[in-house]
Amino acid sequence: MAKWLVKSEPSSWSFTQQIEAGPKGTHWNGVRNHVAKQHLMAMQMGEEAFFYHSNHGKEIVGIVAVSRTYYPDPTDASGKFGMVDFTVVRALARPVSLEEIKRTSALGDMVLVRNSRMSVQPVTEAEWATVLGMASA
DNA sequence: GCCAACGTTGGC
DNA sequence: GCCAACGTTGGC
């Protein structure tokens, strides 16, 4: 099962709101980037993603899982882009900040570090395990 | 099909 | 609030 990372600006959609959305989850709309779209399309049911707060926060705060695979985004008038649904799995024991990630050499190749603008990105199993370890340390 | 201009994202 | 990086748009 592939691992992912999705970003959200907490003033528009925060992890707290994601939790409040409950087990049904919510749709992850608004992606308008073709690379990000490819990642959304590759996501399988139940696959997990880190939930990252961009701008305000700049930290990974929790884990979500795909509760519905890729389908058209009704807010996209062009019809080119779609979305998936995510439901909350759990919050991390403590958030892992971008600064910490940058200081950790094993995470130097994370897309988050390499391409800060990619809003939906793959995470390797090694990176996933490293971040989880940091959160529980 | 190239590329300059423009808009947006997100770290600082 | 600034600006670098990147994606998209549109004129040619």
Side-chain angles (χ1 to χ4, degrees):
Chain A
M1 295 236 299
K3 300 285 194 275
W4 309 93
L5 183 147
V6 294
K7 292 201 277 196
S8 185
E9 165 58 41
S11 65
S12 56
W13 183 254
S14 70
F15 192 63
T16 304
Q17 287 172 291
Q18 187 74 49
I19 290 169
E20 285 165 358
K24 268 184 63 184
T26 54
H27 48 161
W28 195 267
N29 66 356
V31 168
R32 297 291 183 272
N33 171 286
H34 290 282
V35 178
K37 174 191 167 179
Q38 293 305 313
H39 295 147
L40 288 179
M41 290 179 75
M43 289 182 186
Q44 301 296 308
M45 194 71 185
E47 285 186 342
E48 294 183 332
F50 286 134
F51 192 109
Y52 175 81
H53 277 167
S54 61
N55 265 315
H56 189 257
K58 287 176 290 176
E59 56 192 13
I60 296 170
V61 290
I63 297 171
V64 292
V66 177
S67 57
R68 182 176 175 186
T69 55
Y70 191 84
Y71 62 105
D73 179 349
T75 68
D76 174 29
S78 75
K80 289 179 187 165
F81 294 98
M83 58 195 185
V84 302
D85 287 4
F86 285 122
T87 184
V88 165
V89 175
R90 62 184 171 88
L92 294 187
R94 68 166 183 87
V96 174
S97 72
L98 178 64
E99 193 211 340
E100 272 183 278
I101 288 167
K102 285 189 166 176
R103 273 195 272 116
T104 306
S105 57
L107 300 177
D109 281 335
M110 276 190 81
V111 181
L112 191 65
V113 176
R114 289 285 173 102
N115 180 2
S116 62
R117 293 190 53 196
M118 184 55 55
S119 59
V120 180
Q121 52 186 262
V123 173
T124 68
E125 293 292 340
E127 290 162 351
W128 184 269
T130 301
V131 172
L132 285 186
M134 289 161 74
S136 58

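So that the names make sense, note that chain A is the first sequence line, chain B the second, and so on, each numbered from 1. Bear in mind the structure is a predicted one, so any value in this text is a computation, not a measurement. Below, each value reflects all heavy atoms present in this structure, side chains not excepted, and no hydrogens, waters or symmetry copies.
For the pair A:Met118 CE and C:dC6 P, the interatomic distance rounds to 10 Å; values are reported in whole Å. Straight-line distance from the CG atom of A:Asn55 to the P atom of B:dT8: 15 Å, rounded to whole Å. Rounded to a whole Å, the CG atom of A:Asn115 is 13 Å from the C1' atom of B:dT8. Atom-to-atom, NE2 of A:His53 to P of B:dC12 comes out at 18 Å; the value is rounded to the nearest Å. Note: NE2 (A:His56) to P (C:dG1) measures 14 Å, nearest angstrom. Between A:Lys58 atom NZ and B:dG11 atom C1' there is a gap of 6 Å when expressed in whole angstrom units. The nearest whole Å value for the distance from the NE2 atom in A:His39 to the P atom in C:dG7 is 12 Å. Rounded to whole Å, the distance from NZ on A:Lys102 to P on B:dC12 is 3 Å.
For the pair A:Lys7 and B:dG10, the criterion of a side-chain N or O lying under 4.0 Å from OP1 or OP2 is met. Within the structure, every side-chain polar atom (N or O) of A:Tyr52 is placed at least 4.0 Å from both OP1 and OP2 of B:dT9.
If you check every strand for non-hydrogen atoms under 4.0 Å, A:Asn33 touches sugar and phosphate atoms only.
When only modelled atom types and interatomic distance are considered, A:Arg32 and A:Ser119 share no side-chain donor-acceptor pair under 3.5 Å.
Residue A:Arg117 places its side chain closer to B:dG7 than to any other of B:dG7, B:dG11, C:dT8.
Residue A:Arg32 places no side-chain atom within donor-acceptor reach of the base of C:dT8, judged by atom type and a 3.5 Å distance cut-off alone.
Ionic pairing of A:Lys58 and A:Glu99 is not present here: no N-O contact between side-chain nitrogen and carboxylate oxygen is shorter than 4.0 angstrom.
Ring centroid separation for the pair A:Trp13 and A:Phe51 does not come in under the 6.0 Å cut-off.
Each of A:Arg114 and A:Lys80 lies near DNA chain C, and the nucleotide nearest A:Arg114 is the one positioned closer to the 5' end.
No side-chain heavy atom of A:Val61 sits less than 4.5 Å from a side-chain heavy atom of A:Tyr52. The shortest side-chain heavy-atom distance between A:Val120 and A:Met43 falls under the 4.5 Å cut-off.
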